[in-house]
Structure formats: structure tokens, C-alpha cells
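These notes concern the structure reproduced below.
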Amino acid sequence: MIKKFFLSFFGSMAAIWLTFLLIVLLAVAGAAISVASLGTGLKSVATAEVKKGSVIVLDLAGYINERKSTPSLTDALQGELEDNINLSETVAAIYRAAHDARISGIYADCGGVAGGVASLQDIQDALNYFKSQPDKWLLAYGDSYGQADYYAVSGASELWLNPIGSVDIHGLSGTTLFYTGLLEKLGVKMQILRVGTFKSAVEPYFLKEMSPASRLQQESYMGALWDSMKSNIAKNRGVEPAAVNGWADEFTFTMSADSIKALGIVTDLGYRHQAEQRVAELADKKKFDDVNKLTIAEYAAAFDQTDYSYLPDVATPKKKDKTIAVLYAVGEITDAGKDGIVGDKMVAEINDLANNSDDLAGLILRVNSPGGSAFASEQIWEALQQFKAKTQLPFYVSMGDVAASGGYYISCGADVIYAQPTTITGSIGIFGMIPEIHGLLENHLGITTSTVKTNRNGNFPSLLNPMTAEQTAKMQAYIERGYDLFTKRCADGRHTTQDSIKAIAEGRVWAGSQALENGLVDRMGTLREAIYGMASDLDLKSYRVKEYPETENKWWEALLSLDELEMDADVIKEIKAQEALNAVKKLTEAPRVQCRMETVIIK
């Protein structure tokens, strides 16, 4: 009987593996067929030729990510591998092209870009730099321009709009969703513990509208962001900032294309083929098809991305030259998991850099995070301090769209902190939140419970019962101790007193320009300027730049990016169900103490 069981078991396992291998072989065969069907119409990234008179086609559609990441199996299976814009690669390619005599211009095709204001500013700065170089041109076209599209390309010499298109300039707004009414209907109570008058991340769970403090801070930092945006648009279009405010108030989206042009918002009206013919003229070609066009990825693939010697005052690196390490910290901060800034993985990455620092000139932490786990934030902070102590190398921070709460926690110990004027930062505060669902179970579902415990706090934390007065007091003291540690870390890193930090803390969110004024950051600038700043501070004439963590292309990316493979609907449902389960698991297993800023939908 036992023998029969094992024969059956191993036979089943063999069948499973054979089926798996058959699926792989079929997928490879399908990919080969797909490659054949592509013909010669698609230019391979590896074989793209950079000829004299080439034009870079900048496809501004999709979400802006900090850098190319290793794709997940889910992304690969659903064909979501190249829908986003790689900020690091895009900006580097534009700056490189500015000093490449073979590149005559950039054609920006605006199709609905989305991203943080600082990321858009980074692209705008790079495009403006490119346009400022001798014999370079920048032409943008849009069937219609969203505000993000327009902001990124507003410095173009020629801004083309479809004759029946529109330009949406409306300013900024922030919307917060409040769940208190829903929780009341469900019989769920959120038990809130926090430090900081402005720490409003928990307000949606016990208020039905934003508090005066939350409204004040949002009006303040959002006003600072818009001041920066409208000033840059005004400078790019040669008008006063008040004119841009007027465009926003007049609801430009509803205006005719002729009216939009008359205001100077765009320079030319024409259909896509007319804009493309103008690109051909600028590239000294008869037809658009004759232009040697390169995507950002194709152009970037032709170069060593660690070599910055294409820029003025940077010499060609030699074998002995040092490397500036750029370590990306992007996403929510968690104790464990796969996505975002995972505490133990980030600590291991920092330790690895410290243990292999002989070739390093310094470390730049690129932060784009709203925060998360207070515990993981402390572990990352401590690892960075160990890096400084062990290597005696400089440690800088470059802030992206957001570096708030836990994102600021991991940044505050840097020797120099760079931010964009439109970076969202600060939010130095702590909170804890424990749901209590007794009302949901008993009043709505008819479920009652009984508990046995050996000690009065034996069942803490419990979703089934409210906290006692003793538990609430001790948890509040726990939160306040975390806040005291947070502000101490900031005070030590900023070389000031804890009282000075507390005066600008209280969970308040600041725009980067405001953070420069109150001492939370040191310099305004992009990641590129942080790299140059470190090189200049170290008097480096030549160096390399390397990004960490290193990314790798999985086999399924190369396979599935060749074509969009259709998948069985049941498989897609299974993947989506797993994603939902992971989301629930993430919520239930979240650390009790959080350094996180509020979620605000900015548009």
C-alpha cells in the first residue's frame, strides 16, 4: 500500500514537471513566432545606430518611476513591463544627448504622463538644458496636453497642439478620503494614538473632514508647489506668473485651440503628421520616415551609464577612479516583504556597500517615500550611521517627489540633503492605529466571543475589544517615546537642538523650498546635481556613478516583452485574487507604530 502511494505520488510529480516544461517550450515557440511576425518594423534596442542628425523621440505617456526595476512574474504575465517612464534613464539620456553632436533634437510626444511634481521638474530641467545647447532644438506635440504633460515640456521652442485639442492648466488641489462614516455603519472603531498636531494620516479614520491644522499645512505646501510650477511655466513661456494663474482660473481645457495659441500657451496648431513633417525639416530631412529616430531606451543602450564624462568639467574615468554609489530607497517602508523599502533588505544592501567600499567615493541615498514602519526606519537610519562610521565616506541624500515621515527619518543623518523645490518632505511625527470590530461582529453579524487569559493584557492587541485606559496610556507613552527618538535623530543629523526640530515637526508637511528655509534640507537640486555636488565637494575630476540595488532582467521579461501573450481569463483572475490577498495581509500585518504622511490625492 505504501509502495503504491509513493509510486502514485512521484508519478503525479513527474506529470506536473513535464507539464511545466511543455508550457515553457510552447511559450518559447510562441515567442519565436511573435518575433518572426514583427518583421523589420521594430528596431532592436541593442542594434539601434546613433547616426549624425538623429532625433530622440521622448514618449511622455505612462507613470514616471524612479528607475527600471526587476519585473515581477505578475507584471510579466500581464504584459506590464514597459508601460512606465524610467526617470533615471530618461534624464541621463537627455543630458548626454545635449553634448552629442549626432543628436540634432528631441521630439516630445505627449500622451498623458503622470508622476510627482519633482519628477516632472527633473524632466523639464533636462529638456531645458538640452535646448540651451548650441544647434539643439526641442519640439513637443500633443493631441491634448494634461497639466503634467504641459509642465514637463513647457520650455519647448515649438509647442504643437492638435487643432481640436486642448491644454488643461488648472493649478493644484488635494483631496483626502474620510472613512469614518463607513466605519460607523460597519460598527468598527479605530483607536488612534499619535504625536503631532499636523500628523493627519490618521484623520480619515476618526474625522469626517480635515482638521484646521491639516487644512493649513496642505494649503501651505500645495501653495508652495504651485508657486514653483507657475513660475517655471511663466519663465518657459516668457510671461508673468500672474498670467499662468489666469490660465488656470480660466479653465483652459474648455478653450478653443485658436484661443490657446493666442494666449501664448502653445506656439503652433497642426495635426500629428504636420508636426512630424516639421520634425523632419528641423532634422534636415524630406520626410519624417527618413529621420533616424531613437527612443530613450535605444539611445541609452548605446552607452556606459556609469560614465559621466560626456558632461563639461568631467574627465573620462580611469580604472583607478572611485565610484559614487546611488542607492535607491523608493516606496513605503516595511519591516519585511518584497515591495517598497524593505527594512532588512535595505540594511543588508547598506552593509554590503560598507563592507565593499574600497572603490567608493561616497554614498547618495535617493529617497522617494511617504514613510511607513517606524521600526524599519530606525534600522535603516542606524545602518547608514554605521556606513559613515565604518567607511569615513560622505553620505548625501537626494529627495525625489516625497521624502516624508519615515522617508525623512532615513534621510536626516546625511551630511548633505538635496531636495527639489517641489519635493514634499517633513511630516516628522508618529502614530499608531488599532481597529476594534466588536460592533461589526455582534450588531451586524450576530457573532459573540468569549476570551480566557492569564493576565489582564494577555489578549492585547485585540480586534474584538476596545483598549482599556491602562493600555491606552501605555500605548500613548510608547508612541511619544518613538516621537522623542525621531526628533532626536533629526536634531543630531541637522546639528541643532531637539526643541528646534519639535518647533517645525508636529507631523507638519513642507514643500522642499520651505524645508530649505527651516533647515530640514541643505541644498536645492536634482539627483544629478547631488552627484555633481558630491564630486565637487570631494574635488573629483573623474569618477563613475553606479546605481544600487542592482536590477536584473528575469528570463520571462525577455520572453514576454517580445509580444503581448494572451492569457486565460481564469489565470488572470487567480493573479488578481492573490494580489487582493497580499493587500489584506499587508494591512493586517502592518507595524503598530508608523512614521507615515497622510494620503492626499493631488491633481
Side-chain angles (χ1 to χ4, degrees), residues 58-72 75 80-96 113-127 148 151-152 296-297 300 305-306 308 324-334 337-342 345-346 349-350 353 363-372 377 380 384 396-408 410-411 414 417-425 512 521 525-532 534 545-553 557 597 602:
L58 175 60
D59 185 6
L60 286 177
Y63 193 81
I64 303 173
N65 287 331
E66 280 285 339
R67 65 191 292 237
K68 186 177 179 63
S69 59
T70 301
S72 69
D75 291 338
E80 298 175 355
L81 294 172
E82 296 182 356
D83 293 335
N84 296 323
I85 297 168
N86 176 349
L87 181 65
S88 173
E89 181 180 73
T90 298
V91 169
I94 294 171
Y95 277 102
R96 186 183 295 276
V113 70
V117 180
S119 292
L120 295 168
Q121 181 66 55
D122 212 349
I123 292 175
Q124 183 191 112
D125 289 346
L127 290 173
Y151 186 60
I296 288 290
Q305 298 301 309
T306 70
Y308 273 45
I324 294 176
V326 177
L327 176 61
Y328 282 82
V330 179
E332 293 190 9
I333 301 173
T334 60
K338 295 186 295 183
D339 300 324
I341 307 169
V342 182
K345 292 181 181 178
M346 183 59 70
E349 195 75 36
I350 296 166
L353 286 169
L363 170 64
I364 297 178
L365 185 69
R366 172 65 171 182
V367 181
N368 199 338
S369 172
S377 298
I380 295 168
L384 289 165
Y396 289 11
V397 160
S398 167
M399 293 179 169
D401 295 316
V402 58
S405 204
Y408 189 80
I410 65 176
S411 303
I417 299 177
Y418 280 80
Q420 289 272 56
T422 49
T423 295
I424 296 173
T425 189
V521 305
T526 63
L527 171 60
R528 188 159 302 275
E529 287 164 322
I531 293 170
Y532 300 154
M534 176 176 281
V545 178
K546 189 171 180 181
E547 295 183 346
Y548 298 88
E550 296 186 51
T551 59
E552 38 183 56
N553 294 329
E557 178 185 14
M597 73 167 285
I602 298 179

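None of the values given here were measured: they were computed from a predicted structure. All heavy atoms count here, side chains included; hydrogens, waters and symmetry mates do not.
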Inset, instruction - Output all residues satisfying side chain to side chain contact (heavy atoms under 4.5 Å, CB included) with A114, sequence neighbours left out; order by chain, then residue number. - result: Y63
Inset, instruction - Side-chain contact test, heavy atoms from C-beta onward, threshold under 4.5 Å: evaluate it for L353 versus L327 and give yes or no. - result: yes
Legend entry - Test ring-ring contact (aromatic ring centres under 6.0 Å, His included) applied to Y95 - qualifying residues, sequence neighbours left out: Y129
Legend entry - With E547 via salt bridge (Lys or Arg N to Asp or Glu O under 4.0 Å) - residues at least two apart: R67
Inset, instruction - Could you tell me whether the side chain of I85 reaches within less than 4.5 Å of the side chain of L60, counting heavy atoms only? - result: yes
Legend entry - Nearest non-hydrogen partners of G337 and V342, listed with the distance: O-CG2, 3.5 Å
Inset, instruction - Keeping the roles fixed (side chain from T526, backbone from E529), state whether a donor-acceptor pair exists under 3.5 Å. - result: yes
Legend entry - Closest non-hydrogen atom pair between V91 and A126, with its separation: CG1-CB, 4.2 Å
Inset, instruction - Could you tell me which non-hydrogen atom of A414 sits nearest to which non-hydrogen atom of V397, and how far apart they are? - result: CB-CG2, 3.6 Å
Legend entry - Smallest separation among heavy atoms of A152 and I123, with atom names: CB-CG2, 4.4 Å
Legend entry - Residues which pass side chain to side chain contact (heavy atoms under 4.5 Å, CB included) with E89, listed by chain and number, not counting sequence neighbours: N86, I296, A297, A300
Legend entry - Side chain S119, main chain G115, donor-acceptor under 3.5 Å: no
Legend entry - Partner set under side chain to side chain contact (heavy atoms under 4.5 Å, CB included) for A118, not counting sequence neighbours: D401, Q420, T422, T423
Legend entry - Rounded distance (nearest 0.5 Å) linking atom CE of M346 with atom CD1 of I341: 5.5 Å
Legend entry - Any residue meeting side chain to side chain contact (heavy atoms under 4.5 Å, CB included) with S398, in chain and number order, not counting sequence neighbours: I364, R366, L527, A530
Inset, instruction - Would you indicate whether the side-chain heavy atoms of N65 and L87 approach each other to under 4.5 Å? - result: no
Inset, instruction - Decide side chain to side chain contact (heavy atoms under 4.5 Å, CB included) for V402 and T425; before the verdict, give the C-alpha distance in whole Å, the side-chain angles of both, and the deciding distance to 0.1 Å. - result: CA-CA 6 Å; V402 58; T425 189; over 6 Å; no
Inset, instruction - Determine, step by step, whether L363 and L384 satisfy the side chain to side chain contact (heavy atoms under 4.5 Å, CB included) criterion, reporting the C-alpha distance in whole Å, the side-chain angles of both residues, the deciding distance to 0.1 Å, and the verdict. - result: CA-CA 10 Å; L363 170 64; L384 289 165; 4.0 Å; yes
Inset, instruction - Compare all side-chain heavy atoms of M399 with those of I417 and state whether any distance is below 4.5 angstrom. - result: yes
Legend entry - Between OH on residue Y548 and CD on residue E550, distance to nearest 0.5 Å: 6.0 Å
Inset, instruction - Provide the closest heavy-atom pair for V367 versus S411 in the form atom of the first, atom of the second, distance. - result: CG2-OG, 3.5 Å
Legend entry - I380 and I333, any side-chain heavy atoms less than 4.5 Å apart: yes
Inset, instruction - Could you list the residues that satisfy side chain to side chain donor-acceptor pair (under 3.5 Å) with Y151, not counting sequence neighbours? - result: Q121, N232
Inset, instruction - State, with a plain yes or no, whether a side-chain heavy atom of L365 is found less than 4.5 Å away from one of Y396. - result: no
Inset, instruction - To the nearest 0.5 angstrom, please state how far the CD1 atom of I64 sits from the CG atom of D122. - result: 9.0 Å
Inset, instruction - Look up atom CE in M534 and atom OH in Y418, then write down how far apart they are to the nearest 0.5 Å. - result: 9.0 Å
Inset, instruction - Check whether any side-chain heavy atom of E332 lies under 4.5 Å from a side-chain heavy atom of S369, and answer yes or no. - result: no
Legend entry - Side-chain touch P370/I424, heavy atoms, less than 4.5 angstrom: no
Inset, instruction - Taking salt bridge (Lys or Arg N to Asp or Glu O under 4.0 Å) as the test, write out the residues that go with K345, two or more places apart. - result: none
